[in-house]
Every structure is written in structure tokens, then in C-alpha cells.
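Note sheet for the following structure.
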Number of protein chains: 2
Amino acid sequence: MSLRHALLGLLMEGPHTGYDLRGRFEQSLSRYAWHASHSHIYPELRKMTEDGLIEIVDEGARGSKTYGLTEHGAREFRDWMLTPIKDSPVRSEQTLRLFMLSALEVDEMRPLLDDVVTQAEAGIAELDAAIEHIDAATTSGDKPPFARFAAEFGLRYRQLQRDWALWAAGELDRYPTSDSDNPSA
Amino acid sequence: MSLRHALLGLLMEGPHTGYDLRGRFEQSLSRYAWHASHSHIYPELRKMTEDGLIEIVDEGARGSKTYGLTEHGAREFRDWMLTPIKDSPVRSEQTLRLFMLSALEVDEMRPLLDDVVTQAEAGIAELDAAIEHIDAATTSGDKPPFARFAAEFGLRYRQLQRDWALWAAGELDRYPTSDSDNPSA
DNA sequence: AAGCCCATGTAACTGGTTACATGATTCT
DNA sequence: AGAATCATGTAACCAGTTACATGGGCTT
């Protein structure tokens, strides 16, 4: 039921349209925390309305519907957040591949590790820009800038990917490659 | 089709029983890369056999079946590994919660961050022990110790969780809590 | 008026979970 | 004999994807 709780969480800060919520997923949630597509979000919003967790507070142009939390929904969200979970199952195809590296020949691993570094660095650049933007818009107020928290997590994760791949590539260098005893250059 | 490829990857190092494969998931894959339970693994192995990706190479005690890769399966695995993916969707309930922190009151966040630190530190201790074990068993041979690669990734991920939570808690300290203007101590 | 983005939805399918079910072997 | 672990499976259900489908409103 994580999609449901993710939607409740987004609505905690105020009413949003379905389209809006979908955008939130695309921008940040889908990348690091929880992926969802519109064809899953819209039906879920309908079910949540039926279950009394949210309600339509406005209907705008182009058939847009603005959803807001009901009291029940807000309570459900807080209950979920405050209930500890042991170890939640993770699914990341990228990480799975890293774990499966050993099934390749040593020579084939290097380009894959290089790809990880390249992609991670692109992500780092993107997040650096985002963080700069957030920091510039932040006036020292009474609430912390939470978008900054998520961005920081994303940044550190990308750095981890990069650093791990560089470390792994370094480890590979300590072992002979298939043509190291027959250097052609 | 990631479960399928995860199973192929595990079988790349040699034949295994279903029970054995399931154990591999429980130990490491499920925690950091890809979760799967036995009730999903067994039917998938049957389908993969039907599709000619793997085959039963032995049947042992207690009805156990040992599966091995076919040539087709090995090719399929390599194709999958060597085909680049752009950004694969991620799903982690734990990370989702971190992203949803802002929907709580500042005072409620701190215990959650403390939990993250505690759990991450338990994971670090576990992985430290695992790595020591791997290193002790490693004789400088011709192939790198790949279990070490996965363990290193897990370790760094746990450290990231801990460090981020500590950083976030520090950020919270810079903002007034609901009773900071009325200190009871 | 053409093209783009806004905005929502459905249908058929595949992926994955939870609970149920069974029996063999080993250890104490 | 009883408990734990090995070992595999099925059935009903829920979660999520892919492809299809539609139309309103805004900009040039």
C-alpha cells in the first residue's frame, strides 16, 4: 500500500490535482524512492476517495480534479509514518545488475562500471543545480526546507554509486585481465 | 523480468536448487537489490524451464530439483547485462518514508531519524563482520572476490543512511521546536 | 488551424504477495 | 517422539505496466 501512503503524504501539504501529484512522482519520488505512473495513480485516487481517505475539493478546467485529505486520510498517513518497519523489501534493477557483475568476464565489467560513473555524475550535476536553487529560495524561517532533505539524499546516493564503481574498477585492476599476459600494445 | 534475470545471474556460477536460490535472495539480494519470495521463485523457475532458459540437471532428496543454465539462458543473461538501461524505477518503502518526513511535525521527525541511525548501524556491524569473513577466506587468486563487491555496496549504503539521518537531525536542530520557547528543563 | 501540453481515464496483461498446504529428513 | 529445517508447490488476490483512448485549453 505504499503508493497510497505516498499520495497521502503529498496531500499533507495541501490539495493537489491528480496531474500535479503525478508530476511530483516524475520529478523526485520516482527516481529515488517510489516509482508510479499516471495509469496507476488515477485509479488509486478514485479508490482512495471511495475509501474516504481523500475527497474532491475542487473541479477545474479540462476536467481536472483537486483532491484534499479527509481527517481519516491524515490519520492513516500519520499512523503509517509512525509505525516502525523492520526491513522493507527493495527493488532496483540497477543495483541488481551491480550485484550480478561477477557473472560476466572481467573485461566486460569495466565498461559497465564506467557507465555507472557517467550516469551518477550526470545525476550529481543535476542535483547540485537543484540544491543551489533550493538554497537560494530558502529564507531562514521557522520550517526547514524539506525539498533540501530529499535532494541531499539523492545527491549522496549518486555519490555512493560513483564512488563504489570507481572503487570496484580499482579492485579489478589488481587482477590480471584476459590479455594481460599477452599485451598487444 | 528482473526476477528472471536475477535467477539466471545466480545460475551463471553453476547449478543450484530452488531452495538454494531462494536462500541467496534472503541473504543479500533481497536486502539491497531485488526482493523475491519462494512463492514467486518456484513458479518462475518452472516457467523458465518451459521457456528453455534453464533445465533440471539433477533431482535430489526431499524432492529437490537442481537447475542449470541452458545455452539460451546464458545468452539471455549476457544480453540483459550488456544492454544499457537509462533510469530504472526504484521502489523502497524506507526511502519513501524519508521523503515524506516533512509531512510530520518537527518533533515527530527526530525519533524516526534516530531509528534510521540505529538500524543502519546494526546493518553496518553485520556487513563489517561479513566483509572480514570474506577477506579472511580470500587468497589472492586470479578472480576478484565478488561477494566483497556486493558487501561493499551494502556497507556504503548503510553508511549513507546513517550519515544522512545524522545530517538531517542536525539541520532540524537549527529550527525551533514547538516547545523551544517554553523549555521545561 | 495546427501543434503542444494539460488532464484523465480504461483494458488486458504481467508481476508479486499472502495464506494455505504437504511431506521428507535431521537433530535432540 | 517432537521440533526444526529442508524443499516445493498452489490459489486467490492485489499491485503495477503497457498500450490504447479521449478531449479541453493555450499559444503561435
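All chains are named by letter (A, B, ...) in the order of the sequence lines, taking the proteins before the strands, and each is independently numbered beginning at 1. Not measured: the values here are computed from a predicted model.
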Between the protein and nucleotides 9-16 of chain D, list every N/O to N/O distance that falls short of 3.5 Å.
unit_1	atom_1	unit_2	atom_2	d
D:dG9	OP1	B:K65	NZ	2.1
D:dG9	O6	B:H38	NE2	2.9
D:dG16	O3'	B:R91	NH1	3.3
D:dG16	O3'	B:R91	NH2	2.8

List, with names and distances, any nitrogen or oxygen atoms from the protein found under 3.5 Å away from nitrogen or oxygen atoms belonging to nucleotides 26-28 of chain C.
none

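- One atom, CD1 of A:I56, and another, C1' of C:dA7, lie 13 Å apart when rounded to the nearest Å.
- Counting heavy atoms from C-beta on, the side chains of A:R31 and B:V90 never come closer than 4.5 Å.
- In this structure, A:L69 and A:E55 approach most closely via the heavy-atom pair O-OE2, 4.3 Å.
- Between A:K47 and A:E50 no salt bridge is recorded (no basic side-chain N to carboxylate O distance below 4.0 Å).
- Taking both residues in full, the closest heavy atoms of B:L113 and B:L172 are given as CD1-CD1, 3.8 Å, listed atom of the first, atom of the second, then distance.
- Ion pairing between a basic and an acidic side chain is recognised when a charged N comes within 4.0 Å of a carboxylate O; A:R4 and A:D51 show such pairing.
- We find that CE of B:M48 is positioned 14 Å from C1' of C:dG15, with the value rounded to whole Å.
- Between A:W34 and A:F25, the ring center distance fails the sub-6.0 Å criterion.
- Salt bridge status for B:E105 with A:R78: absent, with no side-chain N to carboxylate O gap under 4.0 Å.
- Between A:R75 and A:E71 there is no salt bridge, since no side-chain N of the basic residue sits under 4.0 Å from a carboxylate O of the acidic one.
- Closest heavy-atom contact between B:Y67 and B:L11: O-CD2, 3.4 Å.
- Against DNA chain C, the stretch residues 7-29 of chain B makes no heavy-atom approach under 4.0 Å.
- A perpendicular orientation is assigned to the rings of B:Y32 and B:Y157, their planes being inclined by more than 60° (bins at 30° and 60°).
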